[in-house]
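This report refers to the structure that appears directly beneath it.
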Protein chains: 2
Amino acid sequence: MNPDRLSVNQMTVKQLSLPELVKHCVRLGVPGVGLWRDPVRAYGIEAAAALVRDAGLAVTTLCRGGFFTADDWEDDNRAAIDEAAALGTDTLVLVSGGLPPGSRDLPGARARVADAIGRLAPYAGARGIRLAIEPLHPMYASDRCVISTLDQALAIAERHPAEQVGVTVDTYHLWWDENAPAAVERAGARGRIHSFQLADWATPLPEGVLEGRAQLGTGVIDLPAWAALLDRAGYTGPVEVELFNAALWARDGAAVLEETVAAYRAV
Amino acid sequence: MNPDRLSVNQMTVKQLSLPELVKHCVRLGVPGVGLWRDPVRAYGIEAAAALVRDAGLAVTTLCRGGFFTADDWEDDNRAAIDEAAALGTDTLVLVSGGLPPGSRDLPGARARVADAIGRLAPYAGARGIRLAIEPLHPMYASDRCVISTLDQALAIAERHPAEQVGVTVDTYHLWWDENAPAAVERAGARGRIHSFQLADWATPLPEGVLEGRAQLGTGVIDLPAWAALLDRAGYTGPVEVELFNAALWARDGAAVLEETVAAYRAV
C-alpha cells in the first residue's frame, strides 16, 4: 500500500516512549501517527503536540473517546475532544463501551450511545474535530463496545453532519461481516469514513481476546481487498496500523516498527 | 422455562458417560438429550439408541455434521445423517467449518458451504433428517464456522424444503446481533427453526474462546427475552442447554446437571 498514507498507531509499539516513536517514524519515513490519550497526557498535551509537529508528523487520530457507561462520560469526552484539537488532529475515535454493570439490555445500551454522541457532536464540530464511531467485533459487545457493525455505527453517524460524526473502518473488527463492504461504500459516498485502521486476524485468540490484533499478513484477512474497497469508496485518508499484541509488545519496539512498515508495504 | 421442553446437550456434562447421563436425566425429569457423534460412536450407535429409547428420553439433536473443508466431508456427513436416523432424532446440527488452510477467501468459503448443503439436503430428507445450519459467533469465522449470522444460515436453508434444511438458533452465538430477532421471526414463520440452544455469555473469554459458553443466568444474555422471541416465532420444540465450559467440566457431572436443570427452570 501507499507509504505516503501510512500512520502507525501508538499502541502498536507501546513499548516505545513518545520521543522514541517520533524518532523512529521519522527515520523510517512514516508520515503519521495515531496517538492515545493516556501516554499523551502523561507526556503533556502541549509538549506532545510540539514534539510531533516539529518532527513533521501528522496526528491522524486520537484514541479514544467513548465508554459512555462511565459516570463522567460527558466531561471526559469533552476533554478528549479538547485534547484532540490541541494535538492538531481532526479525528477522535469513539469506542462506545459495553453493557452497564448488571445490565442485560443491549438495545437500551445502544440507544444510550446514540444519545450520548448526539450530545457531543456539536461540541466536537465547533472545535474542528470529527467523531469517528468505531464498531468493535461482536466478541466485545458485552464489555467494551455495544456497537458491533459498521451498519450500526453509520446509522448513528448519519443523524449528524459528516464533519461532526463519521465512522472508523477497522479490518480486524469488520472482516467477517458480509454486510460491511456495502456499508463501507455507503459511508465513503457520504464522506463518513473518518479513520481506516488495519490489523490482521489470527487464531487462537488469547484469553480475554484483547491482544489478538495480529501483524499484517500473518492472519486470514484479505487486506488488499479491504484497501481496494476503501479506494472504491473514495477514501483517500491515512491508513493506520493498530496492533494490540502481547508478543509484539514484548519485543524491541524499533524492530517491531520496522517490521510493521515492511508488512504494510508488502500488503 | 417449561421443563417439558428441556433437553440437555451431552457436551454440557461431557464428564458423564452416556449411561450416567441417561440415568441422571431420568432422575431429574429431563425429557430430552442432545448427543454428539464421537461419544455415541464410541459407545456404539445401536446400543446408544436402545439405551436412550428404553429410558424414554428423546434425542433432540445429533451434533454435528458440517466442517465442509475436510477432504472427506461428503462421506462423513452422509454417515452423520445415517447416525442421526439410527439414533431416532430428526435433526442434525451443521457447523460449517472455517476457511480452508491458507485461504483468505471468506465469500468463496461461504459459497462452498451452500453448495455442500445442497448436495446433502436430498439425502437427509430421504432419511427423515432435517439439517439445522448453525451460525456460530463471528469470532469463530476463521477457524470453525464461516456462517456467522442467522440471516446467512437462513439464506442457505431457504434454497431447500424446510423439512430438509433449517437453522439452529443459539443464544450464545446470536445475542449480539440486532438483525437476529427479525431473522428468528422469519425462520419461525417458515418452519425453519429446527433447533434452539441456550448458553449464556460471560467475560473474560478463555484462550481460544471455545470453552466460554456459560451457565444460564451467569452472563449478560437476556434469556427470557430470547425464549419469548422463539415463542412469538411459533417455535414449540425442545430447548437444549449446551454449555462448553472447562470449569463445569472439572466438577461432578451429576451436580452440574442438577444445577443446569435448576438454572433452566429459573430463567
Side-chain angles (χ1 to χ4, degrees), chain A residues 98-111 135-149 151-153 155 171-181 200-212 214 217-226 246 267, chain B residues 98-111 135-149 151-153 155 171-181 200-212 214 217-226 246 267:
Chain A
L99 290 167
S103 170
R104 295 187 171 98
D105 180 11
L106 189 55
R110 287 172 171 158
L136 257 53
H137 192 285
M139 67 187 178
Y140 302 111
S142 68
D143 55 356
R144 305 194 73 79
C145 187
V146 294
I147 306 301
S148 305
T149 65
D151 281 322
Q152 290 177 317
T171 56
Y172 183 80
H173 295 306
L174 303 179
W175 76 279
W176 60 272
D177 182 1
E178 68 175 352
N179 297 323
D200 213 334
W201 178 277
T203 58
L205 296 171
E207 182 182 1
V209 301
L210 200 58
E211 300 173 3
T218 66
V220 299
I221 303 178
D222 188 347
L223 295 170
W226 277 89
V267 166
Chain B
L99 290 167
S103 170
R104 294 187 173 99
D105 180 10
L106 189 55
R110 286 172 171 159
L136 257 54
H137 192 285
M139 68 188 177
Y140 302 112
S142 68
D143 55 356
R144 306 194 73 79
C145 188
V146 293
I147 306 300
S148 305
T149 66
D151 282 323
Q152 290 177 316
T171 55
Y172 184 80
H173 296 305
L174 303 179
W175 77 278
W176 62 272
D177 182 2
E178 68 175 355
N179 297 321
D200 214 334
W201 178 278
T203 56
L205 297 171
E207 183 182 0
V209 301
L210 199 58
E211 300 173 4
T218 66
V220 299
I221 303 178
D222 188 346
L223 295 170
W226 277 87
V267 164

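The sequence lines fix the lettering, A, B, ..., with proteins before strands; numbering per chain opens at 1. Only heavy atoms go into these numbers, but all of them, side chains included; no hydrogens, no water, no symmetry mates. Nothing here was measured: the structure is a model prediction, and the numbers come from that model.
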For this session: Identify which part of B:Asp143 has an atom lying under 4.5 Å from any heavy atom of chain A, answering side chain, backbone, both or neither.
Result: side chain
For this session: Drop me the distance from A:Gln152's CD to B:Asn179's CG, to the nearest 0.5 angstrom.
Result: 7.5 Å
Problem set entry | Nearest-0.5 Å distance, CG of residue A:Leu205 to OG of residue B:Ser142 | 7.0 Å
For this session: Tell me, out of A:Glu178, A:His137, A:Arg104, A:Arg110, who's got the most heavy-atom pairs with chain B below 4.5 Å.
Result: A:Arg104
For this session: Name the region of A:Pro206, side chain, backbone, both or neither, that has any atom closer than 4.5 Å to a heavy atom of chain B.
Result: backbone
For this session: Supply the atom-to-atom distance B:Trp201 CH2 to A:Met139 CE, rounded to the nearest 0.5 angstrom.
Result: 8.5 Å
Problem set entry | Point-to-point distance, once rounded to the nearest 0.5 Å, from CG of B:Leu106 to CD1 of A:Ile221 | 10.0 Å
Exercise. Between B:Gly208, B:Gly102, B:Ala225, B:Pro204, which shows the greatest number of heavy-atom pairs under 4.5 Å with chain A?
Worked result: B:Gly208
Seminar exercise, completed: To the nearest 0.5 Å, atom CZ of A:Arg144 lies from atom OG1 of B:Thr203 at 10.0 Å
